[in-house]
Structures are given as C-alpha cells and as structure tokens.
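Throughout, a chain's letter reflects where its sequence line sits, starting with A, and its residues are numbered from 1.
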Amino acid sequence: MQTVAVIDFETTGMSPGQGARATEIAAVLVQDGRIVDRFQSLMNSGAWVPPFIEQLTGITNSMLRTAPGAESVMRDVARFTRGCPLVAHNAAFDRGFWQAEIARADCEPDPAHQFACTLLLARRLYPQAPNHKLGSLARFHALPSAGRAHRALADAEVTAHLLLRVQEDVQLQFGAELGGRGVDHRLLMALQKANKLALARCVTGHVKASKVPA
DNA sequence: TGCCAGGCCCTCTTTAGGGCCTT
C-alpha cells in the first residue's frame, strides 16, 4: 500500500515571500491505515521569531540558537519523505514553505512530492463541522491528541489521523463506486478539487480513468 | 498615506468582494 507523508511546518510568519522562515518541521509516514514512522526537528535559519509566534508555538529564539541548520534539516526531511506523496492541513501554506526551504537547501525537487490538502477535503466532506480549523476538526471527530497544538509533530499527527478519517469516510460514502479500490493519493487530490456537488461523479471518473492502461 | 500572504471557496459572481485557514 502507498506510503504518504503528512507534514507540518512552524514558521516565523505567514509567507516565505515576505521573508518568513521555517522554525520546525515534522513528517509522519502513514501506511495501511496507521502511522509507521515520524520525523521532527527544530531548524535554525538565523531568522528572528516574533514574540507573538514564540507565545503561539512555544518555539523561542533561544531554542533555535542551538538547533540544527535549516538546510541540513530540509535535506534530512526530503530524504525521509522521498518517493512519498505529501499531505498537509491548508497545504497551500506548507507547500509554499516546503518549496522555499527545499530550494534554499539546494535539494533536487522530488516529483512524488505532490500535496493533498485535508482542509479542502474536510470542507467537501464535513460541511456540518463548526469550522475547518485543524483543532476544531480534531474535536469534531474526537481524533487522538498528540501533544501541544502548534508544534509540528503534534499537528502533523493530528493531520494524519484526520487523513485516515477522511479515507475511511470516502470509502464508506463511495464504496460502491470504488468497487473495492483503496482511497489513494490521486483520488484525494481529485476530490479536493471537485465541486462539492460532484463528489460521486469525481470518484466514478477517477475509477474509470484508473482502469485505462498507462 | 496606507497598505503590505496566498490559495481557495462562496455568493447578492464571473468586468468582484469577502471570509476562511495556515504561522
């Protein structure tokens, strides 16, 4: 079964385009419906962490002073996730930092590193949720807690449990269309883009497309 | 002077605007 890497960044701000840098990254590998491996590291890019972010994440400037360099951490996490599709909650955010930090570390881009987004999927599948913040969805589905929110490993683990719940619910909801097929990464990427009224059509189309020889 | 993210979704839309979500 395909192994997927769920990642989460903590950063100094909202956008790498505005000079924000990553302060911590975590990746958890999900295979056969469970977490099978974990990677987590603080990363010292030399960037200053604003007080608001120190308070939000608990990651302080003094903690980063002794952390490994951002470039070596990115090389390590790229190696850890090699060949795995990626998943994040609000993937547009993490994708931006992933691409920026990978480029700074001079890593070769991995074609397998395509992002699926649990935020987009949750908006499709759980319109009845009070909102689609990671913490709210964790409460909504009673997902296991993995530690302090706004730390990379804890958030990545919660996102991994949300992903597993999404896969389970897609299977339950569209089992007939899937005909015994698993909920793979390509289907999740198709679903997150599907019009909310066209989920079933999307699944059927994906299954038909999957039957065409490459 | 005032503003300064980006991507996505929804709707009183598409020649746009506002809200959500991430740190």
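In the displayed structure, A:D106 atom CG is contacted under 6.0 Å by at most 12 heavy atoms of other residues, nucleotides or ligands.
The C1' atoms of B:dA5 and B:dT23 are separated by 11 Å, rounded to the nearest whole Å. Taking the P atoms as reference points, B:dG19 lies 14 Å from B:dC12, given to the whole Å. Nucleotides B:dG2 and B:dT14 are separated by 29 Å at their C1' atoms, to the nearest Å. Rounded to whole Å, the separation between the P atoms of B:dT1 and B:dT13 comes to 38 Å. Rounded to the nearest Å, the gap between the P atom of B:dC3 and that of B:dG18 is 14 Å.
Taking side-chain N and O atoms only, A:R124 has a distance below 4.0 Å to OP1 or OP2 of B:dC9. At B:dC21, one or more side-chain N or O atoms of A:H132 fall inside 4.0 Å of OP1 or OP2 (strictly under the cut-off). Residue A:H150 places at least one side-chain N or O under 4.0 Å from the OP1 or OP2 atom of B:dT23.
As judged by a 4.0 angstrom heavy-atom cut-off over every strand, A:L119 is placed among residues touching the sugar-phosphate backbone only. As judged by a 4.0 angstrom heavy-atom cut-off over every strand, A:N131 is placed among residues touching the sugar-phosphate backbone only. Across all strands, A:F97 comes closer than 4.0 Å to no nucleic acid atom at all (heavy-atom distances).
Between A:E10 and A:R151 there is no salt bridge, since no side-chain N of the basic residue sits under 4.0 Å from a carboxylate O of the acidic one.
Nucleotides of DNA chain B nearest to A:T12 and A:L120 differ in position, and the one nearer the 5' end is that of A:L120.
Residue A:R95 contributes atom CZ, which lies 16 Å from atom P of B:dT22 at whole-angstrom precision. Put simply, CZ on A:F115 is 17 Å from P on B:dG6, counting in whole angstrom units. If you measure from atom NZ of A:K133 to atom C1' of B:dT22, you get 11 Å, rounded to the nearest angstrom.
Nearest nucleotide to the A:H89 side chain, out of B:dT23, B:dC8, B:dT22: B:dT22. Each of B:dT23, B:dA5, B:dC9 was ranked by its minimum atom distance to the side chain of A:D155; first place goes to B:dT23. Proximity note for A:S15 (side chain, C-beta onward) versus B:dT23, B:dC21, B:dA5: the nearest is B:dA5.
Annotation for A:F9 and A:D94: closest pair N-OD1, 3.0 Å, computed over non-hydrogen atoms. Contact detail for A:L178 and A:G182: the closest heavy-atom pair is CD2-O, 4.3 Å.
Exactly one residue among A:T23, A:T57, A:L42 makes a side chain to side chain contact (heavy atoms under 4.5 Å, CB included) with A:M63. That residue is A:L42. A:Q167 pairs with exactly one of A:L121, A:L162, A:L187, A:L188 by the side chain to side chain contact (heavy atoms under 4.5 Å, CB included) rule, that one being A:L188.
The stretch residues 20-28 of chain A does not touch DNA chain B, since none of its heavy atoms comes less than 4.0 Å from the strand.
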Return all side-chain donor-acceptor pairs below 3.5 angstrom for residues 43-52 of chain A, not counting sequence neighbours, or 'none' if the list is empty.
unit_1	atom_1	unit_2	atom_2	d
A:N44	OD1	A:G46	N	2.9
A:N44	ND2	A:L64	O	3.2
A:S45	OG	A:A47	N	3.2

